[in-house]
Colleague: 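Below is the structure I would like to discuss, written out as structure tokens.
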There are 2 protein chains.
Amino acid sequence: MGQTERKRWYVDACGTAFALDMIGERWSILIMRELMFGPRRFNELRADLPGISANILIQRLERLEELRILRKRKLPPPASVQAYELTQWGYEAEPVVQMLGKWATRHPDHDPTLPLSAASIMMSFRTMIDAERARGFKAKIGFRLGEDGFVVTLDGGEVTTERREPEDVDLLLTCQPTILAAVVYGGGPAAELEEAGALTIEGNRTIFDRFVTLFPLPEKLSDSEN
Amino acid sequence: MGQTERKRWYVDACGTAFALDMIGERWSILIMRELMFGPRRFNELRADLPGISANILIQRLERLEELRILRKRKLPPPASVQAYELTQWGYEAEPVVQMLGKWATRHPDHDPTLPLSAASIMMSFRTMIDAERARGFKAKIGFRLGEDGFVVTLDGGEVTTERREPEDVDLLLTCQPTILAAVVYGGGPAAELEEAGALTIEGNRTIFDRFVTLFPLPEKLSDSEN
DNA sequence: CGGCATCCGGGAAGATACTG
DNA sequence: CAGTATCTTCCCGGATGCCG
């Protein structure tokens with residue numbers, strides 16, 4: 001009887017109910033979000049999920065592994081350290097994570113000034129890009145967000161995101177995730193932030209100017225809306 | 001200080017995290033599922049959500065109303081009774097509910113023989129229809145599932161669902177939701193079920209024979225799958 | 001019957017300290 | 001760095017009862 005028996009589950013054949021039996025507990029979906037761009041280590045997850053405690057993180061990781069949403073993996077040498085990585089099926093949950101977010105941001109109480117993980121802002125680009133505005137736009141953009149490097153390839157509304165050190169990019173942005181969110185979603189003053197040292201822009205500034213216009217926020221709910 | 005303050009929330013600007021702050025608690029999403037085809041009364045919700053207790057249902061309804069996901073409404077006379085109805089924005093969460101379900105049913109442990117609400121099976125038709133197989137198929141199908149009547153209009157992959165008493169339909173099916181699920185998703189023996197009185201088929205049987213082929217289940221995860 | 005409050009037990013989540 | 005162990009707090013679920 002080494003296995004923990006779950007005491008609370010939905011008695012319901014509906015797939016949605018079963019999804020919530022699997023990943024409806026606190027933190028599970030956010031852990032999946034953090035893994036969407038590749039393997040992460042225990043303490044990286046801990047750092048990117050403010051407020052989670054180690055025992056809860058372990059519990060969730062064990063459960064998600066049991067469900068085959070993720071697996072434990074040794075990263076290749078020389079970094080031969082343990083990490084957690086989504087399975088193919090786990091990666092297929094990306095649209096679920098995206099749509100939850102896209103739907104929720106219409107609520108007036110959503111506060112985009114809260115802290116943000118690097119994976120969150122990278123995911124939001126995939127969620128929020130306006131294909132119309134991005135038509136004909138091709139660019140390879142690098143990001144250094146705290147410790148995390150990303151390369152985003154934009155090609156006509158398609159957003160390809162890799163978690164790796166930026167090389168050979170048209171544009172390289174260095175800042176904290178929250179700063180990037182402020183610039184892209186809040187119309188934050190890029191020039192002033194750059195002046196203040198909170199943002200570094202290297203490479204093609206024309207691409208930068210276009211990039212920051214590609215991600216319109218959905219309209220907030222209006223008072224008149226039923 | 002009449003208002004209950006939430007003690008546990010995510011400190012996270014990500015829209016997904018905010019969605020989970022709103023509807024991440026137990027039962028919330030299933031309540032929304034039950035309301036997707038129109039207003040429901042308190043005890044109807046209670047009956048369709050096996051295992052929920054009255055105080056929890058009240059708590060969730062209050063929270064969802066506060067968030068403007070649903071509203072309380074008096075149904076028009078003579079049935080002037082109170083009911084709960086999604087707002088426009090609440091209805092817009094349908095794709096989220098659907099994708100959760102569609103993703104989850106690939107897991108081998110999903111058990112489609114559990115009890116099922118009428119709304120669940122109706123929702124599943126919208127989620128699971130194979131547009132290719134339904135090409136060129138037009139039909140209006142009525143359902144009587146326990147107490148609940150529905151009319152489903154199929155038109156080339158489009159599924160329109162109304163919660164109302166079936167009238168002027170090409171085909172009328174009367175059974176329990178679980179029976180319908182067994183026939184459509186489990187290849188259940190319609191003839192035998194009809195013989196046994198668990199299923200009544202009225203109207204055009206050619207439409208019935210085609211209808212039950214339109215909803216292929218996604219492939220289960222294989223052992224080889226990483 | 002529909003809606004809501006209150007109490008209680010158990011289990012899940014959170015905080016903190018500790019270990020290999 | 002990657003987890004355990006322990007203790008506390010809070011949430012969920014069930015029962016009961018009130019009120020219109």
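Letters go in sequence order (proteins before strands), and every chain restarts at 1.
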Colleague: For B:R63 and C:dC4, give me the distance from atom CZ to atom P, rounded to whole Å.
Modeller: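 Atom-to-atom, B:R63 to C:dC4, this comes out as 17 Å.
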Colleague: What orientation do A:H110 and B:F18 show, parallel under 30°, tilted 30 to 60°, or perpendicular over 60°?
Modeller: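 Judged by the thresholds at 30° and 60°, the geometry between A:H110 and B:F18 is tilted.
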Colleague: Between A:N43 and A:Y10, just flag the one whose closest nucleotide in DNA chain D comes earlier from the 5' side.
Modeller: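 Whichever sits nearer the 5' end wins; that is A:N43.
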Colleague: Where along nucleotides 13-20 of chain C does protein come under 4.0 Å, by heavy atom, of base (B) or sugar-phosphate alone (S), with - for untouched nucleotides?
Modeller: BBB-----
Colleague: Take the protein atom CG of A:L57 and the nucleotide atom P of C:dA12, then report the distance between them rounded to whole Å.
Modeller: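 Checked: the CG to P distance equals 17 Å.
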Colleague: Does a side-chain N or O from A:Q82 land closer than 4.0 Å to OP1 or OP2 of D:dG3, or not?
Modeller: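 Yes, within the criterion.
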Colleague: Round to the nearest Å and state the distance from A:I58 atom CD1 to D:dC1 atom P.
Modeller: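 It is 15 Å, rounded to the nearest whole Å.
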Colleague: Specify the residue among B:E62 and B:E44 whose closest nucleotide of DNA chain C lies further upstream toward the 5′ end.
Modeller: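 Result of the comparison: B:E44.
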Colleague: Quickly work out the B:E65 CD to C:dC4 C1' distance and round it to whole Å.
Modeller: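 Rounded to the whole Å, the gap is 14 Å.
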Colleague: Considering residues at least two apart in sequence or located in another chain, which fulfil the side-chain contact (heavy atoms from CB on, under 4.5 Å) criterion with B:A54?
Modeller: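 Scan of B:A54 (side-chain contact (heavy atoms from CB on, under 4.5 Å), adjacent residues dropped) gives B:F42, B:R46.
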Colleague: Rounded to the nearest angstrom, tell me the gap between atom CZ in A:R73 and atom P in D:dA2.
Modeller: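 After rounding, the gap between these two atoms is 15 Å.
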Colleague: Distance-only check: which donor-acceptor pairs under 3.5 Å involve side-chain atoms of residues 90-102 of chain B, not counting sequence neighbours?
Modeller:
{"from": "B:E92", "atom 1": "OE1", "to": "A:R106", "atom 2": "NH1", "distance (Å)": "2.6"}
{"from": "B:E92", "atom 1": "OE2", "to": "A:R106", "atom 2": "NH1", "distance (Å)": "3.3"}
{"from": "B:E92", "atom 1": "OE2", "to": "B:Q88", "atom 2": "NE2", "distance (Å)": "3.3"}
{"from": "B:E94", "atom 1": "OE1", "to": "B:R126", "atom 2": "NH2", "distance (Å)": "3.2"}
{"from": "B:E94", "atom 1": "OE2", "to": "B:Q98", "atom 2": "NE2", "distance (Å)": "2.4"}
{"from": "B:E94", "atom 1": "OE2", "to": "B:R126", "atom 2": "NE", "distance (Å)": "2.6"}
{"from": "B:E94", "atom 1": "OE2", "to": "B:R126", "atom 2": "NH2", "distance (Å)": "3.2"}

Colleague: List the residues meeting ring-ring contact (aromatic ring centres under 6.0 Å, His included) with B:Y10, not counting sequence neighbours, and say none if there are none.
Modeller: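 Per chain and number, B:Y10 pairs via ring-ring contact (aromatic ring centres under 6.0 Å, His included) with A:W27.
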Colleague: Please report, rounded to the nearest Å, how far the C1' atom of D:dG13 is from the CG atom of B:L30.
Modeller: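 One finds 16 Å between C1' of D:dG13 and CG of B:L30, rounded.
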Colleague: If the condition is side chain to side chain donor-acceptor pair (under 3.5 Å), which residues does A:D168 pass it with, not counting sequence neighbours?
Modeller: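 If we apply the side chain to side chain donor-acceptor pair (under 3.5 Å) test to A:D168, skipping adjacent residues, there are no hits.
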Colleague: Using a cut-off of under 3.5 Å, enumerate the N/O to N/O pairs linking the protein to nucleotides 17-20 of chain D.
Modeller:
none

Colleague: Under the side chain to side chain donor-acceptor pair (under 3.5 Å) test, which residues partner A:Y84, sequence neighbours left out?
Modeller: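 Expected list: none.
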Colleague: Does A:Y84 put a side-chain nitrogen or oxygen below 4.0 Å from OP1 or OP2 of D:dG3?
Modeller: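 Answer yes for this pair, as a side-chain N or O of A:Y84 is under 4.0 Å from OP1 or OP2.
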Colleague: To the nearest Å, how far apart are B:R41 CZ and C:dC1 P?
Modeller: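 To the nearest whole Å, that distance equals 11 Å.
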Colleague: With B:F215, which residues qualify under ring-ring contact (aromatic ring centres under 6.0 Å, His included), at least two apart?
Modeller: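 By the ring-ring contact (aromatic ring centres under 6.0 Å, His included) rule, B:F215 matches B:F125, B:F211.
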Colleague: When the ring planes of A:F150 and A:F37 are compared, do they come out parallel, tilted or perpendicular, using 30° and 60° as the limits?
Modeller: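 A:F150 and A:F37: perpendicular rings.
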Colleague: Examine C:dC4: is either OP1 or OP2 under 4.0 Å from a nitrogen or oxygen in the side chain of B:K72? Give yes or no.
Modeller: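 For C:dC4, OP1 or OP2 has a side-chain N or O of B:K72 closer than 4.0 Å.
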Colleague: How many whole angstroms separate atom CG of A:D21 from atom C1' of C:dA12?
Modeller: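 Those two atoms, CG and C1', are 15 Å apart.
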Colleague: Would you list the atom pairs, donor with acceptor, under 3.5 Å between side chains in residues 28-35 of chain B and any protein atom, with sequence neighbours excluded?
Modeller:
{"from": "B:R33", "atom 1": "NE", "to": "B:S120", "atom 2": "OG", "distance (Å)": "3.1"}
{"from": "B:R33", "atom 1": "NH1", "to": "A:D12", "atom 2": "OD2", "distance (Å)": "3.0"}
{"from": "B:R33", "atom 1": "NH1", "to": "B:S120", "atom 2": "OG", "distance (Å)": "3.2"}
{"from": "B:R33", "atom 1": "NH2", "to": "A:D12", "atom 2": "OD2", "distance (Å)": "3.0"}
{"from": "B:R33", "atom 1": "NH2", "to": "B:S120", "atom 2": "OG", "distance (Å)": "3.4"}
{"from": "B:E34", "atom 1": "OE2", "to": "B:S117", "atom 2": "OG", "distance (Å)": "2.5"}

